[in-house]
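Notes follow the structure.
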Amino acid sequence: GIEPVLARAAAAKTGQDGITIVAQALLDYFRVAIPVILPLVSQPSFANVVTQNFQTSPATTLLKAVAGFVKAEHARGRIQADDPQASAGVLVSSMHSIALFEIMGFHGGTMPKAGVRMLVGALWDGLEPKKAARKAR
């Protein structure tokens, strides 16, 4: 059910607000899905099932949907994403990782929404030094 979330994110005031909406929805999804999936992963046949159904798996479908959103937002000029698939992968894997950390008891068991906004802010700002900082060197 990611489509309604992506529609809400596309209607957000800014691209960053849209990405934050997607990030929070991903985290909410993983909070429910991971506890269900973890026991399955320990089953020996699980790897075969995943391999055989990888292209149609919920994980692949989710990643493709988020990548499509990122590509559309890039086309609208609301975000910079030279590689929408990679950008979506970073967002999805970050929220997946936070949900796993919550299960392990980190973040007091729940990452605050402010923490999600800060993570999106870090992704939004990127790691590249700003032009003014590079010129000052």
Side-chain angles (χ1 to χ4, degrees):
I2 190 70
E3 291 79 14
V5 171
L6 299 179
R8 196 170 75 247
K13 187 175 181 178
T14 68
Q16 186 172 4
D17 289 344
I19 292 292
T20 303
I21 290 168
V22 173
Q24 188 62 56
L26 289 169
L27 180 55
D28 291 343
Y29 168 74
F30 287 129
R31 284 173 172 157
V32 173
I34 290 175
V36 173
I37 293 169
L38 281 177
L40 299 174
V41 173
S42 66
Q43 300 301 314
S45 62
F46 186 77
N48 292 334
V49 172
V50 170
T51 302
Q52 293 170 354
N53 299 298
F54 183 74
Q55 291 303 320
T56 58
S57 73
T60 301
T61 302
L62 179 66
L63 183 58
K64 286 179 181 179
V66 174
F69 168 77
V70 170
K71 184 177 181 180
E73 289 294 282
H74 176 78
R76 290 175 65 193
R78 288 174 30 114
I79 65 173
Q80 175 60 42
D82 294 331
D83 186 335
Q85 187 76 20
S87 299
V90 168
L91 187 63
V92 170
S93 64
S94 295
M95 295 304 108
H96 182 271
S97 181
I98 288 172
L100 280 173
F101 282 131
E102 288 179 347
I103 290 167
M104 293 186 297
F106 291 87
H107 314 296
T110 304
M111 169 70 90
K113 289 187 179 196
V116 173
R117 282 191 303 274
M118 289 187 327
L119 185 137
V120 169
L123 295 174
W124 185 263
D125 292 340
L127 299 173
E128 183 178 6
K130 303 300 181 222
K131 291 180 182 180
R134 283 188 297 212
K135 288 180 183 179
R137 288 189 227 165

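Being a predicted model, the structure only gives us computed values, none of them experimental. We number each residue from 1, following the sequence as shown.
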Decide yes or no on side-chain contact (heavy atoms from CB on, under 4.5 Å) for Asp28 and Arg31, but give the supporting numbers first.
CA-CA 5 Å; Asp28 291 343; Arg31 284 173 172 157; 3.1 Å; yes
For Val120 and Gln24, run side-chain contact (heavy atoms from CB on, under 4.5 Å): C-alpha distance rounded to whole Å, both residues' side-chain angles, the deciding distance at 0.1 Å, then the answer.
CA-CA 10 Å; Val120 169; Gln24 188 62 56; over 6 Å; no
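- The distance from the OG1 atom of Thr14 to the CD atom of Glu73 is 9.5 Å, given to the nearest 0.5 Å.
- Taken from CG in Asp17 to CZ in Arg8, the straight-line distance is 12.0 Å, to the nearest 0.5 Å.
- Between Gly1 and Val5, the closest heavy-atom pair is O-CG2, 4.3 Å.
- Following chains of ILVMFWY side-chain contacts shorter than 4.5 Å, one can reach Leu119 starting from Leu100, so the two form part of one hydrophobic cluster.
- Across all non-hydrogen atoms, the minimal contact from Ala81 to Ser87 is CB-OG, 3.8 Å.
- Remark: the backbone N or O of Ala10 is paired with a side-chain donor or acceptor of Arg76 at under 3.5 angstrom.
- In terms of hydrophobic clustering, with Ile, Leu, Val, Met, Phe, Trp and Tyr side chains grouped at heavy-atom distances under 4.5 Å, Leu26 and Ile103 are assigned to a common cluster.
- Ala23 approaches Leu91 most closely through the heavy-atom pair CB-CD1, 3.8 Å.
- In the hydrophobic clustering of ILVMFWY residues, with side-chain heavy atoms under 4.5 Å counting as a link, Ile37 and Ile98 come out apart.
- The shortest non-hydrogen separation linking Ala65 to Leu6 is O-CD1, 3.5 Å.
- Listed by first and then second residue, the ring-ring contact (aromatic ring centres under 6.0 Å, His included) pairs involving residues 11-40 are Phe30-His96 (not counting sequence neighbours).
- At a threshold of 4.5 Å between side-chain heavy atoms, the hydrophobic network of Ile, Leu, Val, Met, Phe, Trp and Tyr places Met111 and Val90 in one connected group.
- Scanning all heavy atoms of the two residues, the minimum distance from Leu63 to Gln85 falls at CD2-NE2, 3.4 Å.
- The CD atom of Gln80 lies 9.5 Å from the CH2 atom of Trp124; values are rounded to the nearest 0.5 Å.
- Here the closest heavy-atom approach between residue Ala99 and residue Leu27 is recorded as N-CD1, 3.7 Å.
- The distance from atom NZ of Lys71 to atom NZ of Lys64, rounded to the nearest 0.5 Å, is 13.0 Å.
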